[in-house]
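Below: the structure, in structure tokens.
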There are 2 protein chains.
Amino acid sequence: MNPSQHSDESTSDFTGRFRHEVLAAVFQVRERRLHSLLWRRARSPFEGDWALPGGPLGRVELLGSSLSRHLAAKVDLTDIAYLEQLETRSDVDRDPRERTIATAYLALVSSALNPSIPSDTAWFAVDELPATAFDHASIIQSARERLRAKLTYTNVGYALAPETFSIAELRVIYAACLGHDVSATNLQRVLLRRHIIEATSVTATPSASGGRPATLHRFTERTLLVTDPFAVFRPPSERP
Amino acid sequence: MNPSQHSDESTSDFTGRFRHEVLAAVFQVRERRLHSLLWRRARSPFEGDWALPGGPLGRVELLGSSLSRHLAAKVDLTDIAYLEQLETRSDVDRDPRERTIATAYLALVSSALNPSIPSDTAWFAVDELPATAFDHASIIQSARERLRAKLTYTNVGYALAPETFSIAELRVIYAACLGHDVSATNLQRVLLRRHIIEATSVTATPSASGGRPATLHRFTERTLLVTDPFAVFRPPSERP
DNA sequence: GGAGGTTTTCGACTATTAGGCGTAAACCCT
DNA sequence: AGGGTTTACGCCTAATAGTCGAAAACCTCC
């Protein structure tokens, strides 16, 4: 093979152009369960089914900016605490109308918020989804797995939790995302040791049901930090 | 906001179409260092600089298939042991000729192979890259980080190592990817405990330099397995 | 065929981290 | 004040990681 055979570029003007859309799995913990924001389709295809919010990419727009714009415009959602690109889907007939490539994002909303959303959108518990449009159900699954993984080796929790919270509240959030029970003792110990959360000096206002008021904690950083997952094989002498 | 304002779809025929290409950071451990396969550009822009292998997406082609096709056609590379989608770059002027969206992949090649590659391609150690074209250098960085992370909580090592190997050989591979020294004792103990590798009954042929011949090991599975990274917070009673 | 060198393997010991549990602390209400 | 409830925390055990050194199994050379 010689260089002159690398001819794709010389014919690039004849290669395809593709419709491109951005989508987001918007997650929030509501009533002890992980929910995703869905939007009811008013027209064919998949009329009446529920779809992820998003929309077409603009001509001079970045993928991430495009998504923020669509979320703000379509579902009045501007308080996205965390946004991360997930994956790009390219199945030729994922949209029956025209081939459309979709780049999916994971978006997280604090459980302290209750954003006002349009009447044709709703929150659904991710393990009780309604009939969904396109390949959106499988995108939600990918997003769940990404979130599960990130929760364990990063501090993304800050995007789901309120500014300050009790360990019990945090436990609910982690359990909802991970899909299994979580030990409060271990959760607190591990997150403290990793310096992901820290105690504040204030305690929660006592609840009517009695009980010792919890000391409120906060996330030390509110930007993404990964707790070095390479520790296993690294000589301890070189650790931070 | 009411449903009739979700109008992007009704105007979808007027939204942009975009050129889309696939790229791969093809990694292999060569001479104790992590290398990436690059391709020398014969024409403007970035003439003479080195670029990731890849090419334009076909009209009815999946991203992954497209990449395999380009790798096979352009660099005679058919022995990709592992392929994973990395991220999609959308910067408007990442290609000065025309806006081109790129989906980047991570591809791994066994260190036991020495594929014949065209004369205008070459392997470069990832920490001594030549002048690179477009945003390809930063894609290589992303790929390195992904590889580092995956090595620690999955068995992707199978894609980089030979069928069977001594612990010493495996140590070299891990060290090259992680960028720091690795303890052979811990490496063996951790991977054995996780059942990622297992000992075979054969020993390596003794080297000319003497020394006890190593027992050869192999990866238990040669498909991707993630060692549950959620163990930290999960009640031990529920673990596999 | 033994001596000395080289490389791998393995066991012993220590340090660190995770998990379980019970008790104390700090609030509620009556 | 006493009973109920929830959180906090210390103690103990188990599991995993890290260090080190000795032994095993090969080589070459004398």
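Protein chains get the first letters and strands the later ones, always in sequence-line order, with residue 1 at the start of each.
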| field | Lys/Arg-Asp/Glu bridge criterion (N-O < 4.0 Å) met for A:Asp120, A:Arg40 | value |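 Judged by the 4.0 Å cut-off on N to carboxylate O distance, A:Asp120 and A:Arg40 do not form a salt bridge.
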
| task | Determine, for A:Asp127 against A:Arg33, whether the closest basic-nitrogen to carboxylate-oxygen distance falls under 4.0 angstrom. | result |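 Between A:Arg33 and A:Asp127 there is a salt bridge, with a charged N closer than 4.0 Å to a carboxylate O.
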
| query | Do the non-hydrogen side-chain atoms of B:Ile139 and B:Arg89 ever get within less than 4.5 Å of each other? | reply |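 Yes, at least one pair of side-chain atoms sits under 4.5 Å.
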
Return all side-chain donor-acceptor pairs below 3.5 angstrom for residues 162-170 of chain A, not counting sequence neighbours, or 'none' if the list is empty.
unit_1, atom_1, unit_2, atom_2, d
A:Ser166, OG, A:Ala168, N, 3.4
A:Ser166, OG, A:Glu169, N, 3.1
A:Glu169, OE1, A:Ser166, N, 2.8

Expressed as a whole number of angstroms, how long is the span from [X]:[atom1] to [N]:[atom2]?
| X | N | atom1 | atom2 | result |
| --- | --- | --- | --- | --- |
| A:Asp181 | C:dG19 | CG | C1' | 14 Å |
| B:Glu169 | C:dT9 | CD | P | 10 Å |
| B:Ile196 | D:dT16 | CD1 | P | 14 Å |
| B:Leu170 | C:dT9 | CG | P | 11 Å |
| B:Asn186 | C:dT14 | CG | P | 17 Å |
| B:Leu187 | D:dT19 | CG | C1' | 16 Å |
| B:Leu192 | C:dG11 | CG | P | 12 Å |
| B:His180 | D:dG18 | NE2 | P | 11 Å |

Anything under 3.5 Å between a protein N or O and an N or O of nucleotides 8-10 of chain D, put it in a table, one pair a line.
unit_1, atom_1, unit_2, atom_2, d
D:dA8, OP1, A:Thr215, N, 2.5
D:dA8, OP1, A:Thr215, O, 3.4
D:dA8, OP1, A:Thr215, OG1, 2.8
D:dA8, O4', A:Arg212, NH1, 3.4

| request: Return yes if a side-chain donor-acceptor contact under 3.5 Å exists between A:Thr103 and A:Gln85, otherwise no. | output: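 Side-chain D/A pair, A:Thr103 to A:Gln85: absent.
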
| Short question: side chain of A:Ser36, backbone of A:Val126 - any donor-acceptor pair under 3.5 Å? |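 Looks like no, no N/O pair under 3.5 Å.
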
